[in-house]
Amino acid sequence: MSTITTVTVTGMTCDHCAASVREEVSEIAGVTGVEVDVESGRVDITSAAELDPAQIAAAVTEAGYALA
């Protein structure tokens with residue numbers, strides 16, 4: 001069964017921003033999909049199990065952005 005975690009990321013302005021966030025979040029173990037909406041900052045993360053919020057925050061920070 002898949003789990004969907006939704007977070008809001010601040011600072012994204014373009015498709016390149018979305019790609020950076022998608023790439024970093026996709027590297028978290030267990031993540032099977034990442035959908036990013038630049039306008040709203042919404043990021044839906046599909047994973048095999050619950051994710052550690054600290055891992056999500058670290059991945060977003062690594063991409064150069066922050067969680068709202």
Side-chain angles (χ1 to χ4, degrees):
M1 183 174 160
S2 294
T3 299
I4 296 177
T5 305
T6 300
V7 297
T8 301
V9 175
T10 60
M12 296 187 297
T13 58
C14 65
D15 288 339
H16 181 266
C17 299
S20 295
V21 170
R22 192 177 302 110
E23 179 181 339
E24 292 298 332
V25 172
S26 292
E27 291 181 8
I28 298 171
V31 170
T32 57
V34 181
E35 295 295 324
V36 179
D37 180 66
V38 173
E39 281 188 30
S40 67
R42 179 183 172 129
V43 179
D44 293 323
I45 307 162
T46 305
S47 58
E50 290 288 327
L51 296 174
D52 179 354
Q55 285 185 304
I56 297 170
V60 169
T61 299
E62 182 67 27
Y65 304 95
L67 292 178

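We're numbering straight along the sequence, starting at 1.
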Would you mind listing the cluster partners of Ile4? Hydrophobic ones only (ILVMFWY), side-chain contacts under 4.5 Å, chaining allowed.
none
Return a table of donor-acceptor pairs under 3.5 angstrom between the side chains of residues 37-57 and protein atoms on other chains or two or more places apart.
| residue | atom | partner | partner atom | Å |
| --- | --- | --- | --- | --- |
| Asp37 | OD2 | Ser40 | N | 3.0 |
| Asp37 | OD2 | Ser40 | OG | 2.6 |
| Ser40 | OG | Arg42 | N | 3.2 |
| Arg42 | NE | Asp44 | OD1 | 3.0 |
| Arg42 | NE | Asp44 | OD2 | 3.1 |
| Arg42 | NH2 | Asp44 | OD1 | 3.3 |
| Asp44 | OD1 | Thr6 | OG1 | 2.7 |
| Ser47 | OG | Ala49 | O | 2.6 |
| Asp52 | OD1 | Ala54 | N | 2.9 |

Going by atom type alone, with no hydrogens or angles, which donor-acceptor pairs under 3.5 Å involve a side-chain atom of residues 16-27 and a protein atom two or more places apart or on another chain?
| residue | atom | partner | partner atom | Å |
| --- | --- | --- | --- | --- |
| Ser20 | OG | His16 | O | 3.2 |
| Ser26 | OG | Arg22 | O | 2.7 |

Residue pair Thr10 / Leu67, side-chain heavy-atom distance below 4.5 Å:
no
